[in-house]
J.: 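I have a structure I would like to understand better, so I am pasting it below and will then ask my questions one at a time.
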Amino acid sequence: MREMISMVVVLTVLSAVSGGMLAGVRMGTKTRIENQVLKFQKAPAIKAILKNVTNDPLKDRFNIKDKNQEVTFFLGKHDGKPTDIAFETHGQGHEGPIGLMVGIDINSDKIVGVRVTTTTETPGMGTRANGDSPFAAQFAGKPLTTVFKVKTDGGSIDVMSGATVTSRGICVAATEAKDIYMRLKPEIKKKIAKM
Amino acid sequence: MAQSIAKEFTKGLWEEIPPFRLVLGLCPTLAVTKSVDTAIGMGVGLTFVLVCSNMIISLLRKIIPDKVRIACYIVVIAAFVTVVELVMQAFTYPLYLKLGIFIPLIVVNCIVLGRAEAFAGKNPVLPSIADGLGMGIGYTLSLTALAAIRECFGAGTLLGTPVFGPWFHPFTFMVQAPGAFVCLGLMLCIMNIIGSK
């Protein structure tokens, strides 16, 4: 009996102390990690999508509360006039969530471009959607009235063969982006007008 | 005392150098030695985990009940691995992206648990730290050596800078998985020849 108690106590105390230590480290590194993610993962995607802008979209960013989450919007301007916004959404892939940076032209309500930011998909299969891929290029120039679904589900997006789940996940992220944009459009316009 | 600590430290560098003599922790050894920078990053991360977990486990060796010792060791190791992961994310994000899953996998790295079970759970603090440090540095050196060979011939670069002239055609086999096995095997063979004399 004594041994039993000591087993429970030691393991519990050890876990609690470890958990406390990790919480401390996490709090201490949180803002730094966010900045690093912004710099190394989001920045290249934003730069690739909003390539015709003359400002720095990373600096001209603002947050809007949507339901229970904060969405960060990156504003692209051309010669001082706001033209595009980019923000990140997520879809479920084969191995985990896929982050998708979506750029939207705020004057014509068309997609400027999309790019995968975070992914854990199978190398050589789902990762073919990354970067400057033909799959991602399909979204560019499409109006927001488009139904973002793969062709087998009745949409207009060509699926990557061997990576149907990834293709669907990215379509879900794009649809999510469309919904968020439509829902928050008045607020986005208000925020932009102030900038 | 000082002599025995020095002995615990140096055994990790040659006599019991982890991937070659103990032949432990091979999975990350094969996976992260495509380039020298990832090999060093992995080595430093593992050394930190090894030293810290050895120290804590050695300090607690009289308190930890024998029946749940493995669970206790894993909790300690996992905590330090997560610290490494967070710190790497915060300070060397590109390296974190390259190492990916192999950082959290340090938790189940046989070297760490092996040293905890075989050494730190039975010995005082100072020799345990020396043991962890020696093993860690030995592991880092082995990874770096293996990575240097593979990167040099497989990609024609060393830490990203080209080492050969433009005439060099990279021997890509070396940076792929089979190249890792062949390279590791040859190095093991050479070390055994040297060691047997």
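Since the model is a prediction, treat every value here as computed from it, not as a measurement. Values below: all heavy atoms of this structure, side chains included; hydrogens, waters and symmetry mates excluded. Here is the naming used below: chain letters follow the sequence lines, and residue numbers restart at 1 for every chain.
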J.: Heavy-atom pairs under 4.5 Å with chain A are the metric here; pick the option from B:A90, B:A71, B:P94, B:A79 that has the most.
T.: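 If we count pairs closer than 4.5 Å to chain A, B:A90 comes out on top.
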J.: Strictly less than 4.5 Å between heavy atoms, which residues of residues 94-111 of chain A line up against chain B? Please order them by number.
T.: none
J.: Should the heavy atoms of other residues, nucleotides or ligands under 6.0 Å from NZ of A:K149 be counted, would the total exceed 12?
T.: no
J.: Counting only heavy atoms not in A:K65 (residues, nucleotides, ligands), do more than 12 fall under 6.0 Å from its NZ?
T.: yes
J.: Could you check whether the rings of B:F168 and B:F164 sit parallel, tilted or perpendicular, using 30° and 60° as the cut-offs?
T.: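 Taking B:F164 first and then B:F168, their aromatic rings lie parallel (interplane angle under 30°).
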J.: Going by the angle between their ring planes, with limits at 30° and 60°, are A:F62 and A:F73 parallel, tilted or perpendicular?
T.: parallel
J.: Are any non-hydrogen side-chain atoms of B:E117 and B:I70 less than 4.5 angstrom apart?
T.: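 Yes. Closest side-chain heavy atoms under 4.5 Å.
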J.: Determine the minimum heavy-atom distance between B:L50 and B:G132, stating which atoms define it.
T.: CD2-O, 3.5 Å
J.: With only heavy atoms counted, which part of B:F91 is less than 4.5 Å from chain A, the side chain, the backbone, both or neither?
T.: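 Contact with chain A: backbone and side chain both.
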J.: Go through the atoms of B:L60 and report whether side chain, backbone, both or neither lie under 4.5 Å from a heavy atom of chain A.
T.: side chain
J.: Are A:F135 and A:V116 packed together at the side-chain level, in the sense that at least one heavy-atom pair is separated by less than 4.5 angstrom?
T.: no
J.: Check whether any side-chain heavy atom of B:V125 lies under 4.5 Å from a side-chain heavy atom of B:M55, and answer yes or no.
T.: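 In contact.
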J.: With a 4.5 angstrom heavy-atom cut-off, could you sort out which part of B:L97 is near chain A: side chain, backbone, both or neither?
T.: side chain
J.: Could you tell me which portion of A:Q36 (side chain, backbone, both or neither) has an atom closer than 4.5 angstrom to a non-hydrogen atom of chain B?
T.: both
J.: Can you establish whether the number of heavy atoms outside A:M182 located under 6.0 Å from its atom CE is more than 12?
T.: yes
J.: Show the numbers, then the answer: is there a side-chain contact (heavy atoms from CB on, under 4.5 Å) between B:M191 and B:I17?
T.: CA-CA 10 Å; B:M191 286 196 66; B:I17 190 164; 3.8 Å; yes
J.: Does A:Q92 have more than 12 heavy atoms from other residues, nucleotides or ligands lying within 6.0 Å of its CD?
T.: yes
J.: Anything in residues 11-30 of chain A with a heavy-atom distance to chain B below 4.5 Å? Please list those residues in order.
T.: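 Result: A:L11, A:L14, A:S15, A:S18, A:M21, A:L22, A:V25, A:R26, A:T29.
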J.: I'd like to know which of B:L86, B:T82, B:I64 tops the heavy-atom pair count under 4.5 Å against chain A.
T.: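 Between B:L86, B:T82, B:I64, the count favours B:L86.
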J.: Parallel, tilted or perpendicular for B:Y93 and A:F40, by the 30°/60° rule?
T.: parallel
